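Scope of the values below: all heavy atoms of this structure, side chains included, with no hydrogens, waters or symmetry mates. What you see is a predicted model, and the numbers here were worked out from it, not measured in a lab.
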Amino acid sequence: MQNWAAVVDDDPSNLKAAERILSSHGYKVSCLSSAKELLRFVSENTPDIILLDLHMPEMDGFQALRHLRLHSYSTSIPVIFLTADDDSETETKALAVGAMDFVKKPFCPSVLLMRVQNTINLIRLQTDLKKEVSRMTKEIIREHKKNERLSLQIVQTLTGTIDAKDSYTRGHSGRVAEYSREIAKRAGYSQRSQEEIYMMGLLHDVGKIGVPDTVINKPSQLTDEEYELIKTHPTVGFEILKSITEMPKLAIGARWHHERYDGRGYPDRISGRDIPEEARIIAVADAYDAMSSRRSYHEVFPQDYIRSELEKGKGTQFDPVFADIMLEIISEDKDFSLREMTDINTLSMQKPLGEEMLTDPEPLMEELEKAGMNPLMGMKYCMNDPEFYKEMLWEFVSGSDDRIEKLEKSFSSGDISKYRIAAHSLKSSSKSIGADTLSELAAALEKAAKENDTGQIMSEHSRLIETLKNCVGAIRSVLEKNRK
């Protein structure tokens with residue numbers, strides 16, 4: 001089934017980028033240029049997801065989302081905000097009005113694809129869970145009230161965990177659950193016990209709902225305070241799960257999966273066989289997935305490195321019995337298929353998104369660099385596809401007159417709000433093609449407009465317009481010279 005995305009942005013280049021990225025990976029895409037156009041669209045259509053620009057004239061993203069939530073035909077459509085804002089206040093406000101996630105502009109193709117697919121998968125999973133609850137309830141009523149309470153409590157807890165909006169944790173927890181079940185199976189656990197440990201693996205990181213996303217996804221080294229905050233998630237998860245009285249073992253994995261076999265783990269610093277057996281299994285599975293999947297601070301490690309780390313940790317970090325079982329699984333995995341995989345990896349991807357740079361740059365790239373551009377950055381945002389990059393450059397050039405008109409008109413009328421929106425749009429679109437100097441100047445004037453600093457706008461506006469015109473002229477000259 002083809003997924004359908006509605007993309008709403010007043011900037012044509014952003015629409016073009018999102019449409020190209022999504023459609024090239026199998027999505028049906030409807031591009032809309034305003035919030036009002038979106039509201040008319042959803043009154044007659046039901047896309048799987050809406051990508052909604054935050055800053056637009058007449059009606060912004062916040063207002064549009066509130067309108068969407070007023071109508072039964074659009075209230076359940078998930079919304080991801082598109083923004084070049086960096087402040088946490090914007091994110092907090094957006095989540096409060098019902099946004100599912102954020103994607104920063106300019107778009108990093110792999111991030112855009114992953115977050116869109118994860119959000120769609122989440123909504124479908126929630127729908128499936130509701131159907132499953134209904135089906136199971138009918139069966140359970142005929143059996144036993146205790147089983148009914150157990151099933152409902154588990155489903156409610158799972159739903160609450162998934163609703164925490166942490167796309168990394170969702171995929172990670174599922175993989176840890178699968179690995180834990182396989183280790184338990186090979187260790188001789190009964191079928192029932194295997195399913196119990198699978199459920200424990202799914203919920204082992206539930207306590208992370210109490211840790212800010214900025215800490216969980218921080219790409220650089222954590223401060224001492226941030227690390228201490230991360231270390232609270234086992235006890236937070238334990239407190240959440242211990243209330244499920246019909247299945248008390250659920251809380252075991254959450255509390256003790258970061259204990260070490262040598263007693264140097266957390267939160268309770270217990271060691272050896274004092275650590276519940278299920279937690280020792282989950283600890284091995286958790287460590288394996290941490291190394292075999294992408295994190296905010298590292299890519300997937302080579303399989304040989306992962307094997308050596310597990311060997312090194314036997315008897316210190318890990319229970320040696322369960323570490324040996326995981327090593328046995330790794331040895332059987334000749335193609336390294338047991339690693340993080342997402343749907344986008346299977347959809348005709350010819351190059352690693354946002355990673356591989358051109359080994360033999362075309363004359364176009366060299367000339368853009370001479371003109372003061374950063375073409376490698378532009379290529380990153382265009383899936384390392386030279387033709388796509390050229391299209392985005394032409395799009396930027398062709399839309400320049402409209403950008404200048406909006407900036408000049410709002411400047412002349414003294415409409416600071418519209419000036420901020422125009423500068424915001426220019427900031428992200430120029431960054432997406434590698435026009436770093438222009439993007440930085442636009443960002444400075446956007447900030448000035450936000451702070452109502454009319455003095456800086458008065459003194460820098462002419463330079464912004466001149467820089468934009470010079471940039472457009474340079475790009476046009478290079479493109480004309482390299483036109484096929």
Side-chain angles (χ1 to χ4, degrees), residues 1-12 14-23 25-85 90-105 107 111-134 155-156 159-160 162-167 170 213 343 421 424-425:
M1 181 176 63
Q2 185 180 35
N3 290 324
W4 185 7
V7 185
V8 189
D9 200 304
D10 63 320
D11 188 319
N14 287 331
L15 288 176
K16 187 177 185 68
E19 193 276 335
R20 177 65 175 267
I21 292 167
L22 293 170
S23 64
H25 287 80
Y27 287 81
K28 174 183 177 181
V29 182
S30 296
C31 294
L32 309 166
S33 59
S34 70
K36 289 184 177 179
E37 190 176 348
L38 168 68
L39 297 180
R40 290 194 296 270
F41 176 81
V42 295
S43 67
E44 300 175 354
N45 302 279
T46 308
D48 296 296
I49 193 166
I50 296 170
L51 279 66
L52 180 60
D53 186 24
L54 203 52
H55 300 293
M56 294 182 288
E58 297 185 23
M59 182 186 295
D60 64 21
F62 293 124
Q63 295 168 315
L65 183 52
R66 291 191 185 97
H67 278 283
L68 289 171
R69 296 302 179 242
L70 291 175
H71 302 286
S72 58
Y73 53 74
S74 58
T75 188
S76 62
I77 304 174
V79 172
I80 292 179
F81 271 142
L82 308 175
T83 179
D85 288 344
T90 299
E91 181 173 352
T92 301
K93 183 178 178 182
L95 295 176
V97 297
M100 293 288 292
D101 207 342
F102 273 85
V103 173
K104 294 293 177 98
K105 296 190 293 186
F107 307 125
V111 172
L112 176 66
L113 287 162
M114 203 171 300
R115 294 200 172 183
V116 167
Q117 191 61 58
N118 282 341
T119 300
I120 290 174
N121 288 344
L122 167 59
I123 295 301
R124 287 179 177 162
L125 178 58
Q126 289 174 323
T127 301
D128 290 344
L129 281 172
K130 290 175 183 176
K131 292 178 180 177
E132 184 67 9
V133 169
S134 177
V155 172
Q156 288 165 355
T159 304
I162 294 167
D163 282 346
K165 195 194 72 65
D166 184 341
S167 58
R170 283 201 307 274
D213 287 355
D343 289 344
I421 293 172
H424 177 88
S425 176

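The CD atom of Glu19 sits 12.5 Å away from the NZ atom of Lys28 when rounded to the nearest 0.5 Å. The structure places CG of Leu38 at 12.0 Å from CG of Asp9, a figure rounded to the nearest 0.5 Å. In this structure, the separation between CG on Leu82 and CZ on Phe107 is 4.5 Å, given to the nearest 0.5 Å. Here CD1 of Ile421 is found 12.5 Å from CG of Asp11. Values are rounded to the nearest 0.5 Å. With rounding to the nearest 0.5 angstrom, the CG atom of Leu32 is 8.0 Å from the CG atom of Leu15. Between Ile120 atom CD1 and Asn3 atom CG the span is 4.0 Å, to the nearest 0.5 Å.
Ser30 meets the side-chain hydrogen bond (donor to acceptor under 3.5 Å, both in side chains) test with Trp4; sequence neighbours excluded. In terms of the side-chain hydrogen bond (donor to acceptor under 3.5 Å, both in side chains) criterion, Gln63 has no residue partners (sequence neighbours excluded).
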Taking it one step at a time, do His67 and Met59 satisfy side-chain contact (heavy atoms from CB on, under 4.5 Å)?
CA-CA 10 Å; His67 278 283; Met59 182 186 295; 3.9 Å; yes
Determine, stepwise, if the pair Ile77 / Leu68 fulfils side-chain contact (heavy atoms from CB on, under 4.5 Å).
CA-CA 8 Å; Ile77 304 174; Leu68 289 171; 6.0 Å; no
Could you please spell out the steps behind the side-chain contact (heavy atoms from CB on, under 4.5 Å) verdict for Asp60 and Leu54?
CA-CA 6 Å; Asp60 64 21; Leu54 203 52; over 6 Å; no
Going through the distances and angles, do Asp101 and Val103 end up as a side-chain contact (heavy atoms from CB on, under 4.5 Å)?
CA-CA 7 Å; Asp101 207 342; Val103 173; over 6 Å; no
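Pairing each heavy atom of Pro47 with each of Val42, the nearest pair is CD-CG1, 4.5 Å. Listed here is the closest heavy atom pair of Ser33 and Glu37: OG-OE1, 2.9 Å.
Formation of a donor-acceptor pair under 3.5 Å by the Ser43 side chain with backbone atoms of Arg40 is found in this model. Side-chain N or O atoms of Arg66 include none that pairs as donor or acceptor with a backbone N or O of Gly61 at under 3.5 Å. Of the possible polar contacts, one joining the Thr119 side chain to the Arg115 backbone as a donor-acceptor pair under 3.5 Å is found.
No side-chain heavy atom of Phe41 sits less than 4.5 Å from a side-chain heavy atom of Val8. Between His424 and Thr83, the closest side-chain pair of non-hydrogen atoms falls below 4.5 Å. Residues Tyr27 and Asp48 form no side-chain contact, since every pair of their non-hydrogen atoms from C-beta on lies 4.5 Å or further apart.
A salt bridge links Asp53 with Lys105: the closest approach of a Lys/Arg side-chain nitrogen to an acidic carboxylate oxygen falls below 4.0 angstrom.
A side-chain contact (heavy atoms from CB on, under 4.5 Å) with Met114 is found for one member of Asn118, Val111, Leu112 and no other, namely Asn118.
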